[in-house]
Amino acid sequence: MINEWVRSLIDYVRGPVTRAIEEFDDGIEREIAFHVSERTDEYVARGHSPDEAQRLATKQFGSRARIAMECRAKAVGGLIIWHRLHLCLTTALIVGIGGLLFFGRRWVNDTSRFTSSLPPGIASMLDNDWTGSITGQILDNEGNPLEGAQVLITVKTWPDHTYFQRSYSAASDRQGRFTIHRVYPLNEMYEVQLATLAIQHELKSTYLSEQLAPLEFQTIVLPVA
Amino acid sequence: MATRDSVPLLQGTLDMLILKSLIPGARHGYDITRWIQSTSQDVLTVEDGSLYPALHRLQRKGWISSEWGLSDSNRQAKFYSLTRTGRTQLAREVNSWQTLVRGIGLILNANFGEASP
């Protein structure tokens, strides 16, 4: 199977032009031979001996090799160059597309390209595992859950001695519970400011400093305003 | 065969004569030379060696096509036929040739006695 492919490839590289030239050479030889035979018959008809007629016809025709070469040049001259050029361009196209696919995939997959241009603090901050979630419940003085209370969370980190801050917000559900996912890093020190506000209740703000572990469940009691 | 009164073909006229010879139908190379010679009453002869490069040049230009067949002498021969573009080209060449002949005729028939300065 592979041998056949290789043979086909070699055949293609050798080219239809080469085959055409071989066929052409064979054809022009036959064509010249026919012409000389007809001319020989003409001389024989005029009374020459067959040998003499053959000699005269051959002489009259001239150099077969030169004429065959001229015919070949007229018929297929230049085609070899075009065939070679075609091969070169096809090869260049294949190499170009292959290179584009290979290097293009590497370029797309190289995510460090996106982060390497960022400031050091931002880059290392993005590298952190920001999967820490915060959950809690908001109650009134009597321990009843407060639905629709607004929760504002501000998370502060100091990656590579820089300062970085992100804010999130949520509302409590019927049980007064709230959850915000992917809020703080699990492998970096962080601090959280938690502000809670509900209608006809006082604003309550809590600051959780120097945290390294996941936050515990937050229970927030809002006094009536 | 060339006679004493025959003249060599003018450069560029061989193509036209070949195309003209193929108007009635397909001919092989030898028949073309014979037709040109006999039709011109032996005035014009085509050298065997110059005919075939011209035939292949015309074929490459698409003015004639060829196919193998049997000759009257029962030999394998290559027969050439006129294509549509070849016919158009022939008309163009004949027109140019007639213009040239008319111009040369006017010059050669010029009467110097009546010529104005």
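First the proteins, then the strands, lettered A, B, ... as listed; each starts at 1. Remember, it's a predicted structure, so these values are computed and weren't measured experimentally.
For residues 66-78 of chain B, the interface with chain A (any heavy-atom pair closer than 4.5 Å) comprises Trp68(B), Ser71(B), Ser73(B), Arg75(B), Gln76(B), Ala77(B), Lys78(B), sorted by residue number. Contact annotation for residues 82-91 of chain B against chain A (heavy-atom separation below 4.5 Å): no residues qualify. Residues of residues 27-34 of chain B having a heavy atom under 4.5 Å from any heavy atom of chain A, listed by number: His28(B), Gly29(B), Tyr30(B), Thr33(B). Proximity to chain A at a heavy-atom threshold of 4.5 Å picks out nothing from residues 92-99 of chain B.
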Verdict with supporting geometry, Glu70(A) and Arg57(B), side chain to side chain contact (heavy atoms under 4.5 Å, CB included): CA-CA 10 Å; Glu70(A) 277 183 38; Arg57(B) 188 181 64 247; over 6 Å; no

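For the atom pair Cys71(A) SG and Arg60(B) CZ, the distance stands at 13.0 Å (nearest 0.5 Å). Between the CD1 atom in Ile32(A) and the CG atom in Asp48(B) there is a gap of 10.0 Å [rounded to 0.5 Å]. The OG1 atom of Thr45(B) lies 9.0 Å from the CD atom of Gln60(A); values are rounded to the nearest 0.5 Å.
Ranked by heavy-atom pairs shorter than 4.5 Å toward chain B, the options Gly62(A), Ser37(A), Gly27(A) are led by Ser37(A).
Neither the backbone nor the side chain of Leu56(A) comes within less than 4.5 Å of any heavy atom in chain B. For Ala33(A), no part lies near chain B; criterion is any non-hydrogen pair under 4.5 Å.
What you find for Ile67(A) and Pro53(B) is that their closest heavy atoms are CG2-CD, 4.1 Å.
Heavy-atom neighbours of Glu47(B) CD from other residues, nucleotides or ligands within 6.0 Å: at or below the threshold of 12. A 6.0 Å sphere centred on CD of Glu216(A) holds no more than 12 heavy atoms belonging to other residues, nucleotides or ligands. The environment of NZ in Lys156(A) is crowded: more than 12 heavy-atom neighbours from other residues, nucleotides or ligands sit within 6.0 Å. The local environment of CZ in Arg182(A) is sparse, with at most 12 non-hydrogen atoms from other residues, nucleotides or ligands closer than 6.0 Å.
Tyr52(B) has its side chain within reach of His35(A): a pair of non-hydrogen atoms, C-beta onward, lies under 4.5 Å apart.
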